[in-house]
Amino acid sequence: MADEWKPQIMGIICNWCSYAGADLAGSARTQYPPDIRIIRVMCTGRVDPLFILKAFTDGADGVLVSGCHFGDCHYLEGNYKGAKRMFMVKSLLKNIGLEDKRLRMTFVSASEGAKWAKVVEDVVKTVTDLGPNPLKELAP
Amino acid sequence: MAEKKTKKETASKKKETPKAAVSAKTEKAPAVKAPATEQKKARVGVFICHCGTNIAGSVDIPDVQEYAKSLPNVAFADNYQYMCSTPGQSKIIAAIKENDLTGIVVAACSPRLHEPTFRTATKEGGLNPFRFEMANIREQGSWVHMHDREGATDKAKDAIRIAVAKASLLQDLVPKTVPVEHAAMVVGAGIAGMQAALDLANAGIKTYLIEKNPTIGGRMSQLDKTFPTLDCSQCILTPKMVDVGRAENIDLMTCAEVENVEGYIGNFDVTIRRKARGVLTPAEAEAKGIVGGGCNGCGDCEAVCPVIKPNPFEMGMKPRKAIYIYHPQVVPLIYTIDWDSCIKCGLCVEVCGEKKAIDLEMKDELVKVKVGTAILATGYDLFPIEKKEEWGYKKYENVVTSLEFERLICASGPTGGHLVRPSDGVTPKKVAFLLCAGSRDNTGVGKPYCSRFCCMYSLKHAHQIIEKIPGVQPYIFYMDIRSFGKMYEEFYYRIQDEGAKFMRGRVANVLEDPDTKNLLINAEDTLLNRPIKLEVDMVVLAAAVEPAAETDRTRKLFGVSRSMDGWLLEAHPKLNPCGTTTAGVFLAGVCQGPKDIPDTVASAEGAASAASIPIHKGEVELEPYFAQCIEEKCAGCGMCVNLCPYQALSLVEKEGRTVMQVTEAKCKGCGTCGGFCPGGAIWMQHFATPQIIAQIDAFLIGGAK
Amino acid sequence: MREYAFFLGCIAPNRYPGAESASYKTAEKLGIKLLDLEGASCCPAPGAFGSISLEIWYAMAARNLCLAEQMKKDIALICNGCYKSIWEVNHKLKQHKELKEKVNEVLKTIDMEFKGTIDVWHLAELFYDPEIVGVQKIRDSVKVSLEGTRIAVHYGCHLMKPRKERHFGTTEHPTWLEEMVGALGAEPVEYRNKMLCCGAGGGVRGYDLVHSLDITNEKMINLKEARVDALTEVCPFCQLQFDRGQIEIEEKFGVKYNLPVLHYCELLGLAQGMSPQELALDLHGISCEPFLQKVL
Amino acid sequence: MPRTKGYPEALEKKLADTRLYEDERHPEFTKTVEKLSMSIPHMCYQCGTCTASCPSAPRSSYRIRKFVRRALLGLEDEALTDPDLWLCTTCYSCTDRCPRDIAPTDVIMAMRNLAFKRDIIPVNFLKTVQAIYTTGHGVPNNDVNRAARKKLGMNPEPPTTHAFPQYVKGIQKIIDYYELKKNADRIVKEREG
């Protein structure tokens with residue numbers, strides 16, 4: 001068991017929708033794999049592309065950015081801007097030869113606890129299928 | 001590359017932050033000396049909560065505590081059964097003093113639940129409350145990995161490591177206090193909006209009551225009787241309508257819509273579109289210098305108007321003119337012109353004469369008001385039940401909705417209260433009520449939820465026809481009768497005793513006999529285990545309800561979320577059903593989810609009470625998550641200025657350089673600017689780049705394993 | 001000219017050859033060429049095979065689909081039962097990878113592979129689709145208007161139901177076939193409970209003939225009430241049930257209806273000028289004479 | 001059973017019904033039916049819309065709602081041995097109207113599949129199989145029809161397996177792959193001698 005590889009996935013999620021959705025999954029006791037660690041920000045607009053790149057150079061196997069649905073952002077349009085940046089990061093990842101599937105952006109509202117569980121399950125599966133981040137060996 | 005750059009940034013920012021933090025301080029914050037604590041080596045205290053067995057049941061607490069002790073910067077670690085209890089909080093207070101801590105981490109439930117609790121404890125221990133960070137090991141830990149002790153324990157360890165990394169870098173912050181405008185707004189003037197507005201007004205608060213229709217009263221004014229007391233709906237509603245019309249503190253705006261909302265709790269700037277109703281109120285007339293003029297509701301105009309249209313208040317079953325009132329008891333009693341059908345013949349203007357109440361050239365007006373808090377009470381519409389084609393609504397004339405039934409049975413309705421079949425005007429002798437029409441429906445066509453009041457009003461309908469039509473036989477096709485309210489079950493008993501036949505089975509389809517226009521119902525009597533075909537004279541569909549059409553537009557203006565089924569999302573379904581995630585905005589009535597009248601009124605009173613609190617307090621604290629400009633780094637490129645959705649950023653000249661400046665009152669702390677500053681010159685308080693980078697590093701390369 | 005592989009099924013070629021012959025000819029006049037699908041078999045009967053084993057049903061239908069895939073042509077067919085097998089299996093195998101792999105394991109033994117490269121259509125839906133034929137074109141092709149006749153439509157079940165899996169919209173009150181009947185000059189007539197099943201499906205006709213005829217009889221009563229001259233459908237199995245069924249109903253229940261039952265393609269053939277002989281209407285159990293006299 | 005120990009046999013038989021749930025429940029049955037039908041009978045709330053939509057229900061004791069209930073409870077024997085199982089015309093009216101988005105028709109089909117595994121099957125279904133095995137068609141060609149086709153100027157044998165009998169071999173291979181012909185022959189022989 002101990003030497004079985006488990007992916008390290010970083011989740012950066014917004015306080016108002018996805019974090020609340022994740023909490024809802026918790027109070028509903030919806031079970032999902034434990035391979036994700038959450039960093040809370042107020043809005044996905046806060047997510048600097050450097051955060052994602054930093055995570056990958058640190059050896060993260062996957063990154064999930066999750067915010068409100070379009071049109072539902074607590075700050076009007078932060079999620080649009082966040083999503084736009086994620087597209088940019090995805091193409092950057094492709095350029096350096098890292099699978100862009102390792103980065104996912106999803107939209108989970110505060111009432112979508114079940115969806116959150118599904119998203120995590122899905123991300124964990126995608127990343128597990130991709131295997132360890134090749135940059136991990138270079139990580140400090 | 002990226003990594004190096006970030007590292008450098010992290011290092012340089014660390015040095016600069018004290019300056020930034022100092023410059024960010026307002027005069028109001030003398031108590032805490034930021035630089036003093038900043039320079040101290042971080043000493044973090046970690047407290048792990050068992051939450052009874054909620055956490056301890058799936059997480060190895062002693063193991064996690066040992067691990068926490070081994071983390072850098074951790075000076076103290078402890079655990080307790082219930083950290084949120086008084087003894088739990090005392091532990092934090094004591095530990096801060098005894099161990100000279102600079103930061104606190106509590107690993108427990110969600111920060112959305114107990115962050116305020118532990119911030120208070122941190123403050124009581126003598127630290128700035130924003131030196132607290134929470135690790136969520138329950139909602140996003142033990143509860144979602146209940147059967148994976150190892151996984152949940154590992155995750156808890158990581159969560160604490162990440163939280164400690166942030167706590168080590170947290171700074172003193174001082175929340176800003178802003179005054180609250182002594183006024184409130186209620187959107188929607190149905191029974192919920194009216195009740196909320198009356199409560200606010202009676203509490204001495206100036207209240208703007210906005211209604212899109214020409215009259216207040218909402219859905220309740222369309223109902224005939226109310227269950228289970230059989231009070232006449234209009235009789236109990238109209239006194240309230242009159243009160244609203246008269247209340248000094250209520251500024252009632254009918255034919256009005258919210259056009260735009262700016263600002264934040266305490267200071268909402270709301271633009272209202274007052275739609276041209278084509279008719280002047282006496283007050284408006286007086287303002288225009290027409291003495292003794294304006295509409296007095298005499299109705300002369302209506303008499304001469306040549307245009308006939310269906311009246312939506314009567315569900316289209318009664319005519320109205322192009323200049324109209326919905327019904328005789330409207331408040332305000334002012335006529336309204338339907339611009340879509342008015343032919344501007346001018347007959348009404350003529351007959352109105354000296355009152356000069358009618359202005360066929362009237363234009364919409366935009367009005368700006370400032371309010372401290374707002375309540376949304378936008379109500380519901382009936383689900384378009386014709387989408388469930390099996391029941392033939394809009395295809396067969398004698399299939400009606402419950403709301404149409406209310407008008408047909410109502411004494412002031414199109415038939416004077418005589419229930420008749422739309423096809424031939426004959427009094428029906430056999431009437432079938434189809435419950436759960438479009439509710440509890442998972443096909444994607446109807447609504448998955450229970451509409452909550454259909455059972456009871458259908459019982460009431462059955463009673464009404466038994467009362468009015470001798471020899472009538474009501475059949476109630478139901479799946480479950482949900483009579484959960486006070487005196488509801490007793491009402492069910494009464495209606496059964498009166499002779500309504502309860503058929504336990506959902507109706508599969510309705511067919512029409514083209515000659516008699518009678519309806520043939522196919523259902524199963526599931527209790528007899530027998531398919532039944534029943535010929536009836538009339539079918540009443542207890543159609544599902546859905547949020548009113550404009551709800552979505554309005555909620556977006558106020559920044560309120562909605563749940564999956566479209567109803568507006570409360571801050572907490574159990575403990576904060578009237579609040580929303582937008583501070584200062586509250587929900588009343590059915591817009592939050594189906595409610596009967598007592599529940600609606602209760603929720604309206606709750607919302608009014610909640611909305612009046614900040615107003616009576618006079619000031620509110622805003623979380624100090626503002627953006628700050630690190631001027632040394634700012635190149636004045638201005639990219640952030642356009643990113644800000646609140647126009648809080650601007651470029652200014654300072655010491656011969658162009659730099660960005662934040663207007664704190666406008667900044668809501670989303671961090672969108674900080675997410676894309678190419679020079680890393682924006683410091684998002686409490687979510688600063690070095691803090692987040694430290695969290696990332698702690699997660700991925702800080703692990704001891 | 002659009003080309004389709006014509007999947008015949010069993011009943012049309014082996015009991016109502018007129019329907020088959022009419023399909024080729026009417027389609028050609030409307031710009032559709034139907035090509036022989038050599039070696040096609042029974043779809044297989046969804047009621048019988050599906051009840052025994054869905055697995056075998058998938059495999060057998062997939063074999064027919066492979067024949068068309070080899071021709072690189074979409075399939076057109078004229079029977080609702082065939083539609084259920086061929087369309088639905090095509091749809092399901094395209095959707096479910098696992099299912100497809102399982103089926104291909106079997107097909108390997110006969111050197112075939114289901115790839116999922118073609119689509120399946122009912123000829124009636126091609127006729128109705130304005131981008132392919134459309135009602136106007138049907139109207140334009142009419143030589144002998146069926147004016148003065150009252151015709152009821154039986155949609156059948158497996159073409160449009162289950163609604164969610166199909167693409168035809170409402171299954172409670174559809175009217176598109178009525179439109180197509182109207183295009184021929186006839187008056188389409190609504191009747192009570194028109195979406196009721198013919199009673200033959202699911203193997204019930206073979207399992208309990210009287211039960212199945214009882215359902216047909218209910219339909220016949222409703223049709224009689226509507227005073228129609230003929231019934232049209234788009235499924236030879238429904239046609240068999242209504243046509244031969246009337247004789248059986250007479251035997252079992254002693255009621256006579258004598259209602260002519262014509263496949264839509266036969267009806268269209270008549271309107272386009274084909275003679276009753278060309279349509280082999282004499283093979284019908286119920287004489288079409290009274291109806292023909294009104295038309296010709 | 002211990003609960004009715006000591007009861008006279010007749011009474012025990014009467015009481016058997018009440019023990020249905022304990023003795024006959026097969027949770028595996030529910031799962032297998034759900035897998036085969038790709039549907040969710042365990043979500044049924046017994047509203048009766050299916051039965052009321054059913055063309056067979058008014059003229060028989062067939063209640064599709066009851067079968068869905070049996071699927072939900074795992075009452076395998078009761079479901080599979082009920083002769084009503086074979087009265088579904090697969091018209092899918094119930095499926096179109098089910099408010100819980102269950103496909104009762106497909107549930108029935110799944111149960112029929114499972115019944116066949118126990119040799120419970122009406123022979124007419126098997127005769128269709130036999131016909132297809134020999135000719136490729138469930139309703140094969142006949143002389144009257146051949147003559148009619150000829151008169152229409154068509155090939156007396158349609159361009160299916162009738163005109164191309166070489167294709168029948170493939171069909172037989174598929175049916176044999178599942179040993180269906182063997183089983184069909186055996187069951188028909190058992191029933192009809």
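FYI, side chains are in, hydrogens and waters are out, and symmetry mates aren't considered; it's all heavy atoms of this structure. Since we're looking at a predicted model, the values are computed, not measured. A, B, ... follow the sequence lines: proteins, then strands. Residue 1 opens every chain.
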Going by an N to O cut-off under 4.0 Å, is there a salt bridge joining B:E115 and A:R40? yes
Which atoms of [X] approach chain A - backbone, side chain, both or neither, heavy atom under 4.5 Å:
X	answer
B:H686	neither
B:L643	both
B:R555	side chain
B:N54	side chain
B:I696	both

Quick check for you: among B:C670, B:G671, B:A163, B:S110, which has the greatest number of heavy-atom pairs under 4.5 Å with chain A?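 Looking at each of B:C670, B:G671, B:A163, B:S110 in turn, B:C670 comes out on top.
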Please name the pair of heavy atoms, one in A:D23 and one in B:R112, separated by the smallest distance, quoted to 0.1 Å. OD2-CD, 3.3 Å
Might you point out which heavy atoms bring B:S563 and A:S111 nearest each other, and give the distance in Å? CA-OG, 3.4 Å
Under a 4.5 Å cutoff for heavy-atom pairs, which residue among [options] has the most contacts with chain B?
options	value
A:C14, A:A117, A:G71, A:S109	A:G71
A:W116, A:Y19, A:W16	A:Y19
A:E77, A:M42, A:R29	A:R29
A:A110, A:G78, A:A60, A:C73	A:A60
A:G82, A:A25, A:A20, A:P49	A:A20

So A:I36 and B:K155, side chain to side chain contact (heavy atoms under 4.5 Å, CB included) or not? Walk me through it. CA-CA 8 Å; A:I36 189 164; B:K155 194 174 180 180; 4.0 Å; yes
I'd like to know if the side chain of A:R46 pairs up with that of B:T689 as donor and acceptor (distance under 3.5 Å, no hydrogens or angles considered).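 Side-chain D/A pair, A:R46 to B:T689: present.
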If we ignore hydrogens and angles and just use 3.5 Å, is the side chain of A:E112 paired with the main-chain N or O of B:M564 as donor and acceptor?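 It does not hold such a pair.
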Without swapping roles, check the side chain of A:Q31 against the backbone of B:W143 for a donor-acceptor pair under 3.5 Å. yes
[X] side chain near [Y] side chain, heavy-atom distance below 4.5 Å:
X	Y	result
B:D154	A:R37	yes
A:I39	B:F699	no
B:T581	A:N15	no
B:Y646	A:L76	yes
A:D48	B:F676	no

Audit row: B:D697, A:K54, salt bridge (charged side-chain N to carboxylate O under 4.0 Å, His left out) steps and yes/no: CA-CA 8 Å; B:D697 283 346; A:K54 178 76 178 117; 2.9 Å; yes
Please assess B:N136 against A:I38 for the test side chain to side chain contact (heavy atoms under 4.5 Å, CB included), listing each intermediate value before the final yes or no. CA-CA 9 Å; B:N136 183 343; A:I38 299 301; over 6 Å; no
Within this structure, what is the OH-OG1 distance for the pair A:Y75 and B:T672, rounded to the nearest 0.5 Å?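 So the gap between those two atoms works out to 8.5 Å.
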If I measure from the heavy atoms of chain B, does A:I52 come under 4.5 Å with its side chain, its backbone, both, or neither?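 Interface part for A:I52: neither.
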